[in-house]
Amino acid sequence: MTHKAQTPDEGDRRGPAKGLALPELMRAARAQLAELTGLHPETVTRFERTGDGWLLETEVLELSRVPDTMSLMALYELTLDEEGVLIGYRRVGRYERAKGNP
């Protein structure tokens with residue numbers, strides 16, 4: 001296994017994928033989304049390797065209501081670079097918890 005030398009401009013920008021197993025990579029991606037948005041992903045519904053990184057979809061509780069079945073959920077798509085650093089996200093759907101993802 002070869003390691004790329006780190007240049008001074010790169011600082012400590014190494015992503016969470018360095019030496020992490022897929023479950024750890026998924027947790028790191030969810031944590032990055034939570035840090036940026038304040039929303040906490042509940043489940044990962046899709047995770048796949050793309051040509052230049054990773055694609056992850058996760059369900060997020062956007063608005064808590066009583067009863068819980070009326071809470072608003074959203075499906076977010078996260079784009080990560082090859083090292084697992086979050087480089088973009090977007091909401092692809094929103095729905096009430098009781099109705100499920102359409």
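Numbering starts at 1 and runs along the sequence shown.
- For the side-chain contact (heavy atoms from CB on, under 4.5 Å) test, residues two or more places apart in sequence or in another chain that qualify with A34 are H40, P41.
- Side-chain contact between L56 and L80 is present, with heavy atoms from C-beta onward closer than 4.5 Å.
- The shortest side-chain heavy-atom distance between L36 and Y89 falls under the 4.5 Å cut-off.
- Shown here are the salt bridge (charged side-chain N to carboxylate O under 4.0 Å, His left out) partners of R90, two or more places apart in sequence or in another chain: E77.
- E35 meets the side-chain contact (heavy atoms from CB on, under 4.5 Å) test with no other residue; sequence neighbours excluded.
- Within the structure, ring pair (Phe, Tyr, Trp, His ring centres under 6.0 Å) pairs that include any residue of residues 56-75 do not occur (at least two apart or interchain).
- The distance from the OH atom of Y95 to the CE atom of M73 is 5.0 Å, given to the nearest 0.5 Å.
- Qualifying side-chain contact (heavy atoms from CB on, under 4.5 Å) partners for S71, counting only residues two or more places apart in sequence or in other chains: L61, S64, R65, D68, R97.
- Distance alone, capped at 3.5 Å, places no donor-acceptor pair between the E82 side chain and the W54 backbone.
- Every residue two or more places apart in sequence or in another chain that forms a side-chain contact (heavy atoms from CB on, under 4.5 Å) with T45 is listed here: T43, E57, E59, L75.
- At a threshold of 4.5 Å between non-hydrogen side-chain atoms, the residues L33 and T58 count as touching.
- Looking only at side-chain heavy atoms (C-beta outward), E62 and R94 come within less than 4.5 Å of each other.
- The same ILVMFWY cluster, assembled from side-chain heavy atoms under 4.5 Å apart, contains both L22 and L78.
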